[in-house]
There are 2 protein chains.
Amino acid sequence: MTTTAISPIAPGSARTLPVLNDCCTPSSTMSDDDASLLAGMFKALADPARVKILSMLLNADEVCACDFSASIGKTAATTSHHLKLLRDAGLITGDRRGTWIYYRVIPERLVAIRDALSLGR
Amino acid sequence: MTTTAISPIAPGSARTLPVLNDCCTPSSTMSDDDASLLAGMFKALADPARVKILSMLLNADEVCACDFSASIGKTAATTSHHLKLLRDAGLITGDRRGTWIYYRVIPERLVAIRDALSLGR
DNA sequence: AGTTTGTTTTGACATTCATCGAATCAGTGT
DNA sequence: ACACTGATTCGATGAATGTCAAAACAAACT
């Protein structure tokens with residue numbers, strides 16, 4: 001998919017920075033779509049409850065939905081809300097087995113977050 | 001290259017799952033402080049404008065503040081607001097040189113985000 | 001002094017978000 | 001059929017957020 005790359009400015013050049021009279025080199029911008037997509041993934045993680053949920057899923061590769069509520073200290077309704085946001089963001093998935101629903105993390109999406117920031121380099 | 005690797009979860013372990021009568025293994029929870037800290041960093045990136053700003057900074061390791069406004073299509077006031085949020089989150093830093101202010105990314109903080117997701121582990 | 005330009009803060013507004021109670025849906029039982 | 005339990009959705013409320021115009025601040029220049 002479209003990940004970074006880009007190298008917007010001459011690679012080894014531009015060590016001299018404009019100090020006066022000229023400040024702005026155009027410097028390419030990420031597309032609106034890519035920025036919104038990435039921001040959406042970050043938004044999905046921008047809450048302590050959801051961070052805890054993800055943390056639990058990263059430690060035990062499958063967690064019963066019934067376990068989240070007590071662990072994060074929120075009502076079942078609120079917990080379900082957070083689970084839905086994480087699901088909609090494509091970060092986790094859950095399947096029902098009988099009475100209970102088990103959630104797993106989708107590792108590819110987390111890797112996508114890291115790569116999008118070009119942190120791996 | 002920056003791609004994949006990572007093996008997100010313990011390879012062959014934990015294949016027996018509770019299916020009936022018992023669903024919840026305690027499964028350790030992240031501390032409130034850690035969760036809030038992490039969520040705060042994600043929140044700082046949970047907006048397209050701020051993602052664009054960070055993207056620009058990752059591509060050119062120093063960008064004049066005057067350049068952001070046009071690139072992200074927001075007013076100077078709004079741009080300044082977003083820069084402040086990124087600054088407060090410790091993700092970027094800016095220093096004034098004469099008339100203009102130049103921003104840089106603080107790579108350590110971004111690495112912290114990646115590590116916190118325990119993708120490398 | 002005053003002017004000009006770049007940046008931040010203030011104030012206000014509209015939108016989004018987190019939270020919970022209550023109602024509803026989904027499965028498993030009796 | 002009914003009851004029970006786990007999970008989701010609905011509705012409402014208070015808080016947080018993004019946005020901009022206007023004012024204030026900072027630095028350089030006349």
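Order of the sequence lines fixes the chain letters, A, B, ..., with proteins taken first and strands second; residue numbering starts at 1 for each chain. Keep in mind that this is a model prediction, so the values were computed, not measured.
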Q | Worked verdict on Arg104(A) versus Ile92(A) for side-chain contact (heavy atoms from CB on, under 4.5 Å) | A | CA-CA 6 Å; Arg104(A) 293 190 306 277; Ile92(A) 68 174; over 6 Å; no

Q: Carefully, step by step, assess Leu85(B) and Asp47(B) under the rule side-chain contact (heavy atoms from CB on, under 4.5 Å).
A: CA-CA 11 Å; Leu85(B) 292 187; Asp47(B) 184 276; over 6 Å; no

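Residue Leu86(B) contributes atom CG, which lies 14 Å from atom C1' of dG18(D) at whole-angstrom precision. If you take CZ of Phe68(B) and C1' of dG6(C), they are 14 Å apart, rounded to a whole angstrom. At whole-Å resolution of the value, CG in Asp67(B) and C1' in dG6(C) are 13 Å apart. Distance Trp100(B) CH2 to dG6(C) P: 7 Å, rounded to the nearest Å. Remark: P of dT8(D) and CG of Asp95(A) are 12 Å apart, rounded to the nearest angstrom. Counting to the nearest Å, the C1' atom of dG21(C) and the NE2 atom of His81(A) are 15 Å from each other. As a whole-Å value, the separation of His82(A) NE2 from dC20(C) C1' is 11 Å. Counting to the nearest Å, the C1' atom of dT24(C) and the NZ atom of Lys84(A) are 16 Å from each other.
Here CG of Leu58(B) is found 8.5 Å from CE of Met30(A). Values are rounded to the nearest 0.5 Å. Separation of atoms NE2 (His81(A)) and NZ (Lys74(A)) is listed at 10.5 Å; rounding is to 0.5 Å. Taking OG1 from Thr79(A) and CD1 from Ile72(A), the interatomic distance works out to 3.5 Å, rounded to the nearest 0.5 Å. In this structure, OG1 in Thr93(B) is found 11.5 Å from CG in Leu83(B), a value given to the nearest 0.5 Å.
Remark: Arg96(A) is not positioned above the aromatic ring of Tyr102(A), lacking an NZ or CZ atom under 6.0 angstrom from the ring centre and at most 45 degrees off the axis.
Side-chain proximity of Thr99(B) to dA28(D), dT19(D), dT7(C): nearest is dA28(D). Closest to the side chain of Cys64(B), from the set dA18(C), dA21(D), dT7(C), is dT7(C). Nearest to the side-chain atoms of Leu83(B) among the listed nucleotides dC20(D), dT8(C), dA7(D) stands dT8(C). Listed nucleotides dA21(D), dA7(D), dT7(C) differ in distance to Ala77(B); the shortest reach to its side chain belongs to dA21(D). When the nucleotides dT7(C), dC20(C), dT8(C) are ranked by their closest atom to the side chain of Tyr103(B), dT8(C) comes out on top. Comparing dT19(D), dT9(C), dA7(D) by their closest approach to the side chain of Arg96(A) singles out dA7(D). In the set dT19(D), dA22(D), dT7(C), dT7(C) carries the atom at the smallest distance from any side-chain atom of Ala76(B). Distances from the side chain of Thr78(A) to the nucleotides dC20(C), dT7(C), dT8(C) place dC20(C) closest.
For Lys74(A), a side-chain nitrogen or oxygen approaches OP1 or OP2 of dT19(C) to under 4.0 Å. For dA27(D), neither phosphate oxygen OP1 nor OP2 lies less than 4.0 angstrom from any side-chain nitrogen or oxygen of Arg97(B).
At a non-hydrogen distance threshold of 4.0 Å, Lys43(A), Asp47(A) from residues 38-49 of chain A come into contact with DNA chain C.
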Using residues 31-44 of chain B as the side-chain source, report each donor-acceptor pair under 3.5 Å to any protein atom, sequence neighbours left out, with the distance given to one decimal.
residue: Ser31(B); atom: OG; partner: Asp34(B); partner atom: N; Å: 3.0
residue: Asp32(B); atom: OD1; partner: Lys52(A); partner atom: NZ; Å: 2.4
residue: Ser36(B); atom: OG; partner: Asp32(B); partner atom: O; Å: 3.1

